[in-house]
Protein chains: 2
Amino acid sequence: MAESESAIVDLEIIVQGAQEGKKLELRLWLRMLSTTKLISQEIRRRLRNEFGATLPQFDLMAQLYREREGLRLGELSKRTMVTNGNVTGLVERLEADGLVQRVTPDGDRRVTVAKLTAKGETSFSAMAAAHEGWLRDMMADVDPAIVRELWRDIGAVKSSVSNHLSGTDFD
Amino acid sequence: MAESESAIVDLEIIVQGAQEGKKLELRLWLRMLSTTKLISQEIRRRLRNEFGATLPQFDLMAQLYREREGLRLGELSKRTMVTNGNVTGLVERLEADGLVQRVTPDGDRRVTVAKLTAKGETSFSAMAAAHEGWLRDMMADVDPAIVRELWRDIGAVKSSVSNHLSGTDFD
DNA sequence: GGACGATATTTGAAATGTCAAAGGTTTGGG
DNA sequence: CCCAAACCTTTGACATTTCAAATATCGTCC
């Protein structure tokens with residue numbers, strides 16, 4: 001019997017498992033964060049160079065693009081995961097550039113609805129096409145089956161995180 | 001929205017399924033981004049509430065913690081993926097709080113080396129322990145095998161992205 | 001030894017980000 | 001009707017972020 005050999009292997013696995021098991025979540029987080037930063041920086045650079053736009057502006061316009069009726073600023077804030085005060089400034093600048101229009105509905109004067117202008121729609125749709133291509137290029141070396149798996153499993157992470165938030169978040 | 005007719009829902013699933021193959025990378029990116037934002041916001045909130053610190057400060061201190069000799073600001077910039085100018089301000093504020101110390105070595109007066117103070121080390125090690133726990137909690141519902149898989153596969157994504165950057169990045 | 005290119009950090013302008021507090025508006029009891 | 005609670009957005013103080021330009025120092029070549 002090769003009992004002594006397999007005992008060593010088992011020990012290594014155990015030790016390794018003990019080391020990695022401890023901080024596995026931390027390591028995943030650090031890798032997710034650095035990868036996200038890397039991709040964000042690349043997209044930001046290209047948006048700037050090729051379209052003179054910023055990433056937060058692009059994100060905000062993306063939300064408005066699929067809600068042609070426009071969105072309240074509060075709703076925009078939730079969807080872009082950006083604070084209310086920040087949305088105010090973003091919409092202000094986009095309005096100054098003629099890409100977005102602000103309207104206060106008759107029914108409720110507390111509300112401001114933001115909506116893409118015709119110019120905004122044209123501008124965004126060009127950026128969106130390029131944006132999608134950039135992502136395909138950046139992930140070109142990753143097997144599509146893996147991409148799909150990642151999409152699913154990161155969904156599980158997001159779901160777990162959502163269920164363990166400290167704040168008063170139960171909407 | 002209204003849960004009116006299941007026929008509509010089925011149609012949506014079919015249509016969505018056809019679209020999925022096309023924009024898989026885009027959808028992965030959007031999910032990565034939103035998940036990362038979610039986790040960041042949670043960590044930020046807890047760092048603020050429990051330690052009065054910010055996330056970038058924590059990140060910077062983490063780098064210094066494992067280099068007890070300290071790091072040049074340029075090296076800090078690379079490791080934290082933060083621009084040079086930004087590091088200057090971060091270190092300034094941390095120094096004002098007595099957590100970090102700046103030293104100019106004798107050999108080269110262009111250089112500034114940042115180093116944790118004793119107070120900084122104590123402060124960071126408390127935050128680090130909590131931080132690791134937060135991540136374990138947030139990801140508690142995810143199978144450790146999946147966490148491990150994600151860690152590996154996101155590594156593949158990062159690698160692919162690194163090989164398809166537009167900038168003059170070849171270090 | 002003085003000019004020049006390379007290196008390292010700082011500065012400045014503009015945008016983005018958080019949070020808390022303040023402004024208006026609407027709504028719902030009393 | 002009126003006031004208080006709830007809602008939506010804006011404002012203000014600060015921190016972080018990027019980029020580009022400016023500073024300062026080093027090393028080298030002539």
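Side chains included, hydrogens not; waters and symmetry mates left out as well; all remaining heavy atoms used.
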If I take atom [atom1] in residue [X] and atom [atom2] in nucleotide [N], what distance separates them, rounded to the nearest angstrom?
X: B:Arg44; N: D:dT17; atom1: CZ; atom2: C1'; value: 12 Å
X: B:Leu90; N: D:dC14; atom1: CG; atom2: C1'; value: 13 Å
X: B:Asn49; N: C:dT18; atom1: CG; atom2: P; value: 14 Å
X: A:Arg48; N: C:dA13; atom1: CZ; atom2: P; value: 16 Å
X: A:Leu47; N: D:dC19; atom1: CG; atom2: C1'; value: 15 Å
X: B:Asn86; N: C:dA15; atom1: CG; atom2: C1'; value: 13 Å
X: A:Arg46; N: D:dC19; atom1: CZ; atom2: P; value: 14 Å

- Query: Under 3.5 Å, side chain of A:Ser160 to main-chain N/O of A:Ala156, donor-acceptor pair present?
  - Reply: no
- Distance-only, no hydrogens or angles: does the A:Asp97 side chain make a donor-acceptor pair with backbone N or O of A:Leu99 under 3.5 Å? no
- Task: Applying side-chain contact (heavy atoms from CB on, under 4.5 Å), name anything that partners B:Ser40, two or more places apart in sequence or on another chain.
- Result: A:Trp29, A:Leu33, B:Thr36, B:Arg44, B:Leu55
- Which ILVMFWY residues are connected to B:Val111, directly or by a chain of links, through side-chain heavy atoms under 4.5 Å apart? B:Val113
- Per salt bridge (charged side-chain N to carboxylate O under 4.0 Å, His left out), A:Glu67 is matched among A:Arg72, A:Arg79, A:Lys115 by A:Arg79
- Give a yes/no answer on whether the side chain of A:Asn84 brings an N or O atom under 4.0 Å of OP1 or OP2 in D:dT9. no
- Item | DNA chain C contacts among residues 50-83 of chain B, heavy-atom distance under 4.0 Å | B:Arg72, B:Leu73, B:Gly74
- Of all of residues 102-110 of chain B, which get a heavy atom below 4.0 angstrom from DNA chain D, listed by number? B:Gly107, B:Asp108, B:Arg109, B:Arg110
- Item | Partners passing salt bridge (Lys or Arg N to Asp or Glu O under 4.0 Å) against A:Glu121 (at least two apart in sequence or in another chain) | A:Arg68
- Query: Quick one: does A:Glu50's side chain get under 4.5 Å of A:Trp134's, heavy atoms only?
  - Reply: yes
- Within the structure shown, what part of the strands sits under 4.0 Å from A:Thr112 by heavy-atom distance: base, sugar-phosphate, or nothing? sugar-phosphate
- Note on the structure: Taking D:dT11, C:dA8, C:dT10 as options, the one with an atom nearest any side-chain atom of B:Val111 is C:dA8
- Message: Test of understanding: with ring-ring contact (aromatic ring centres under 6.0 Å, His included), list the residues that count as partners of B:Phe51, not counting sequence neighbours.
- Response: none
- Please report the shortest heavy-atom distance between B:Leu38 and A:Ser162, naming the atom on each side. CD2-OG, 3.5 Å
